[in-house]
Amino acid sequence: MLSALVAKRLVSGVFQASLRPAVVELVTTQGYKGEAPDDSRGDLIEIPLPPWTEKDGETMDIKRRRLLFQSRKRGMLENCILLSLFAKQYLNTMNEPQLRQYDRLINEPSNDWDIYYWATEAQPVPDVYAGEIMDLLKEFTKNRDQEQRLDAPNLEYLDKGSQ
């Protein structure tokens with residue numbers, strides 16, 4: 001009786017062990033392939049976004065507040081940190097044309113990675129976004145003062161400016 005139980009466990013253990021590599025191989029071949037050359041990207045769905053339009057009739061104060069919020073709430077953490085710190089430093093000193101440039105820069109591109117790559121100079125900036133604000137953002141991104149930029153700034157600085 002005991003030998004039959006041992007034999008059964010031994011056979012089931014060997015059987016299960018023989019299945020494991022097949023299961024692991026099956027999982028790895030079905031996994032994410034990333035930028036592999038044979039990736040047709042046929043499984044991706046492009047979701048069309050509504051076109052960006054400039055908001056007419058907005059006061060400069062309202063525009064600054066909206067841009068501050070939009071700088072802080074991005075699709076990726078890197079841009080949340082980068083753009084919110086940039087907005088903290090420069091947004092209150094921007095004039096109307098600069099605010100329009102910044103608005104277009106952070107709201108028209110449909111992919112946040114594009115903004116990040118342009119700011120870090122990993123990719124060339126399209127002519128439509130090139131200008132004074134993009135140059136300022138690229139210089140800010142270089143972080144020449146080697147500030148610690150690990151998180152978006154808290155909003156307490158807004159209260160100090162209004163007093």
*Please test R66 against E58 for salt bridge (charged side-chain N to carboxylate O under 4.0 Å, His left out), starting from the C-alpha separation and ending with a verdict.*
CA-CA 10 Å; R66 177 177 56 80; E58 216 175 24; 2.8 Å; yes
*Could you go through the side chain to side chain contact (heavy atoms under 4.5 Å, CB included) check for R74 and I115 one step at a time?*
CA-CA 11 Å; R74 304 304 303 174; I115 299 169; 3.7 Å; yes
*Run the numbers on Y102 and L91 for side chain to side chain contact (heavy atoms under 4.5 Å, CB included), then give the verdict.*
CA-CA 9 Å; Y102 186 64; L91 204 58; 3.9 Å; yes
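With a 4.5 Å cut-off on side-chain heavy atoms, E108 and Y129 count as touching. When side chains are defined from C-beta on, K142 does not count as touching T120, because their heavy atoms never get closer than 4.5 Å. The closest side-chain heavy-atom distance from E96 to K63 is below 4.5 Å. Using a 4.5 Å cut-off on side-chain heavy atoms (C-beta onward), I106 and N79 make no contact. Contact annotation: the side chain of R100 approaches that of E54 to within less than 4.5 Å [non-hydrogen atoms, C-beta and beyond]. Considering only heavy atoms from C-beta on, R72 stays 4.5 Å or farther from L83 through its side chain.
In this structure, CD on E139 lies 8.5 Å from CD on E121, to the nearest 0.5 angstrom.
When all heavy atoms of T141 and L82 are compared, the pair lying nearest together is OG1-CD1, 3.5 Å. A130 approaches V125 most closely through the heavy-atom pair N-CG1, 3.7 Å. A pairwise comparison of heavy atoms in Y90 and L136 identifies CD2-CD2, 3.7 Å as the closest pair. For P109 against W118, the heavy-atom pair with the smallest separation is CG-CZ3, 3.7 Å.
In this structure, the side chain of Q123 does not engage the main chain of Y117 through any donor-acceptor pair within 3.5 Å. N107 places a side-chain N or O within 3.5 Å of a backbone atom of D103 that can act as its donor or acceptor partner.
The aromatic rings of W113 and Y116 sit perpendicular, their planes meeting at an angle over 60°, well past the 30° parallel limit. Between F140 and F86, the ring-plane angle classifies as perpendicular under the 30° and 60° cut-offs.
A donor-acceptor pair shorter than 3.5 Å can be found between the side chains of Q98 and E132.
No more than 12 heavy atoms of other residues, nucleotides or ligands lie within 6.0 Å of CG in D127, so this atom counts as exposed by the packing criterion.
Its side chain outside the 4.5 Å cluster rule for every partner, F69 clusters with none of the Ile, Leu, Val, Met, Phe, Trp and Tyr residues.
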